[in-house]
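Naming convention: chains lettered A, B, ... in sequence-line order (proteins, then strands); numbering from 1 in each chain. The figures that follow rest on heavy atoms only: side chains count, while hydrogens, waters and symmetry mates do not.
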Number of protein chains: 2
Amino acid sequence: MFLSTRVRYGVRALIELGMNYQKQSVLLKDISKRQNLSLKYLDHIFMQLKTKGIIKKIKAKKGGYLLAKPPEKITLYEIIEAIEGVRRIECLDDENICSRSSHCGARIVWKRLNAKVDEVLKNITLKDFIRESKKFEQMDESVVFSV
Amino acid sequence: MFLSTRVRYGVRALIELGMNYQKQSVLLKDISKRQNLSLKYLDHIFMQLKTKGIIKKIKAKKGGYLLAKPPEKITLYEIIEAIEGVRRIECLDDENICSRSSHCGARIVWKRLNAKVDEVLKNITLKDFIRESKKFEQMDESVVFSV
DNA sequence: TGAAATTCTATTTATTTAGTAGGATTAATT
DNA sequence: AATTAATCCTACTAAATAAATAGAATTTCA
Ligand code: FES
Ligand code: FES
């Protein structure tokens, strides 16, 4: 499974919002600095996440972004769909692409494959990413304390 | 899950070989005609499938291709790997791509995701494609007989 | 030896992805 | 009310990848 850099950057940024869920909003500028990602590129990505209702903005000075819903309600499927669209084999949705689509055995299997992969993507949520990230955060703290 | 046209054409061609498994070899030219695919393009694809040991060639006049092993032993994972390589997020295999890879929560989840998707791909074999294709073949025959 | 098949390398074209630029808009703060 | 620091939006460029084509070399059956 290959994921575009857009999706990967998007997830890294969403993790930051998730870590602050129900605390304060996060500035794109800060994410860009901390994660060392282009502000302008993140800008695009966030525009799409907002349109799809995954994040909310606070526009103006001291603004920033917030998650629009709890991390466990944001699936990876949803994030991918928002950022790059879930690209599909054309003849799955449109019968008219392939002349023989009504008699194509491959098509049946492609449908089954997509259903399974979609299920995997829907069972991973932002919460999973945050849980793993917090583990590292704790590790870092314990290192500091033991010095 | 998006699959390149190369993989889809490859599978369609492999189905044809599979339908003739342990009968006679199949000519690329005939596949190209029946499936309406460019001969030269199939040429590339078959070269890779051959290198990876999925098919065998019979070179020369009246030559053609054969499956190198039974359809149920040829997984979709294997086909994709042969034709387009299993493209992965770079930092999964190489720790040095991202500076923070040893402390990245996302990376853990990406690994888990890849393992699950790979499993799905390994559980689909050419046999599945052939089974579905044969269903249509039978349907066609029954239509012919009923006329 | 000729014909019909695969083999191989190189090139071209189209599409998608990644990234940049610059200004418009919004609203909190002064 | 002006300033300012943020998001918003449109357009563009560059790089990478995918799709397709071209042409000649090689193999071996008949
Ligand atoms: S229907 Fe499109 S490839 Fe079979
Ligand atoms: S290690 Fe590469 S994005 Fe986290």
Side-chain angles (χ1 to χ4, degrees), chain A residues 2-13 16-17 24-33 35-68 80 82-90 97-98, chain B residues 2-13 16-17 24-33 35-68 80 82-90 97-98:
Chain A
F2 181 75
L3 294 163
S4 66
T5 63
R6 267 171 302 159
V7 167
R8 277 145 47 216
Y9 290 2
V11 166
R12 280 162 70 183
E16 295 230 5
L17 299 200
Q24 75 272 33
S25 65
V26 183
L27 295 183
L28 215 46
K29 193 179 69 177
D30 292 338
I31 296 179
S32 144
K33 270 188 204 151
Q35 302 273 351
N36 197 32
L37 304 174
S38 148
L39 177 61
K40 288 293 190 178
Y41 200 37
L42 280 177
D43 180 2
H44 285 305
I45 296 168
F46 268 57
M47 231 161 49
Q48 292 178 280
L49 290 171
K50 211 204 71 188
T51 308
K52 297 297 172 89
I54 294 174
I55 56 178
K56 286 187 295 195
K57 56 94 206 340
I58 297 178
K59 197 168 177 179
K61 207 166 152 180
K62 298 265 176 189
Y65 290 96
L66 299 161
L67 291 188
I80 294 176
I83 295 180
E84 66 183 18
V86 174
R87 224 179 133 199
R88 283 264 170 59
I89 303 173
E90 310 81 42
I97 299 280
C98 295
Chain B
F2 180 74
L3 294 162
S4 65
T5 63
R6 268 171 302 158
V7 167
R8 276 145 49 217
Y9 289 4
V11 167
R12 279 162 71 184
E16 294 230 6
L17 298 199
Q24 75 274 33
S25 65
V26 183
L27 295 184
L28 213 48
K29 192 178 69 175
D30 292 339
I31 297 178
S32 145
K33 270 188 205 153
Q35 301 273 350
N36 196 31
L37 304 173
S38 146
L39 176 63
K40 289 292 190 178
Y41 200 39
L42 280 176
D43 176 5
H44 286 305
I45 296 168
F46 268 56
M47 231 160 53
Q48 292 179 280
L49 290 171
K50 211 202 70 187
T51 308
K52 297 297 173 87
I54 294 174
I55 57 177
K56 288 187 295 197
K57 55 91 204 342
I58 298 177
K59 196 167 177 179
K61 208 166 152 178
K62 298 266 176 185
Y65 290 96
L66 300 161
L67 292 188
I80 293 176
I83 295 180
E84 67 182 20
V86 175
R87 225 177 132 199
R88 283 263 171 58
I89 301 172
E90 310 80 45
I97 299 280
C98 294

[X] [atom1] - [N] [atom2] separation (whole Å):
X       : N      : atom1 : atom2 : answer
A:Lys33 : D:dA5  : NZ    : C1'   : 12 Å
A:Leu3  : C:dA18 : CG    : C1'   : 16 Å
A:Ile45 : D:dC9  : CD1   : C1'   : 16 Å
A:Leu66 : D:dT7  : CG    : P     : 11 Å

Taking all atoms of both residues into account, what is the closest heavy-atom pair of [X] and [Y], and its distance?
X       : Y       : result
A:Lys62 : A:Leu27 : C-CD2, 4.5 Å
A:Val26 : A:Ile31 : CG1-CG1, 3.7 Å
B:Tyr65 : B:Leu17 : O-CD2, 3.7 Å

Using a cutoff of under 3.5 Å, can you pull out all pairs of nitrogen or oxygen atoms linking the protein to nucleotides 11-18 of chain D, with atom names and distances?
from	atom 1	to	atom 2	distance (Å)
D:dA11	N6	A:His44	NE2	3.4

Presence of B:Tyr9 side-chain N/O under 4.0 Å of D:dA20 phosphate oxygens OP1/OP2 |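 True: B:Tyr9 side-chain N/O within range (under 4.0 Å) of D:dA20 OP1/OP2.
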Below 4.0 angstrom from OP1 or OP2 of C:dG19, is there any side-chain N or O of A:Ser38?
-> no
Could you give the side-chain donor-acceptor pairs of residues 44-51 of chain A under 3.5 Å, partners two or more places apart or in another chain?
from	atom 1	to	atom 2	distance (Å)
A:Gln48	NE2	A:Ile83	O	3.3
A:Thr51	OG1	A:Met47	O	2.8

Ignoring hydrogens and geometry, is there a side-chain-to-backbone donor-acceptor pair from B:Ser32 to B:Leu37 under 3.5 Å?
->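 Side chain of B:Ser32 to backbone of B:Leu37: a pair is present.
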Polar pairs (N or O, both sides) under 3.5 Å between protein and nucleotides 3-7 of chain C?
from	atom 1	to	atom 2	distance (Å)
C:dA5	OP2	B:Lys29	NZ	2.7
C:dT6	OP1	B:Leu28	N	3.0
C:dT7	OP1	B:Lys50	NZ	3.1
C:dT7	OP2	B:Tyr65	OH	2.4

Partners of B:Ile58 by side chain to side chain contact (heavy atoms under 4.5 Å, CB included), sequence neighbours excluded?
-> B:Ser25, B:Leu66
Check side chain to side chain contact (heavy atoms under 4.5 Å, CB included) between A:Arg88 and all other residues, then give those that pass, not counting sequence neighbours.
-> A:Tyr77, A:Val86, A:Leu92, A:Asp93, A:Asn114, A:Asp118
Set of side chain to side chain donor-acceptor pair (under 3.5 Å) partners for A:Arg6, sequence neighbours left out = none
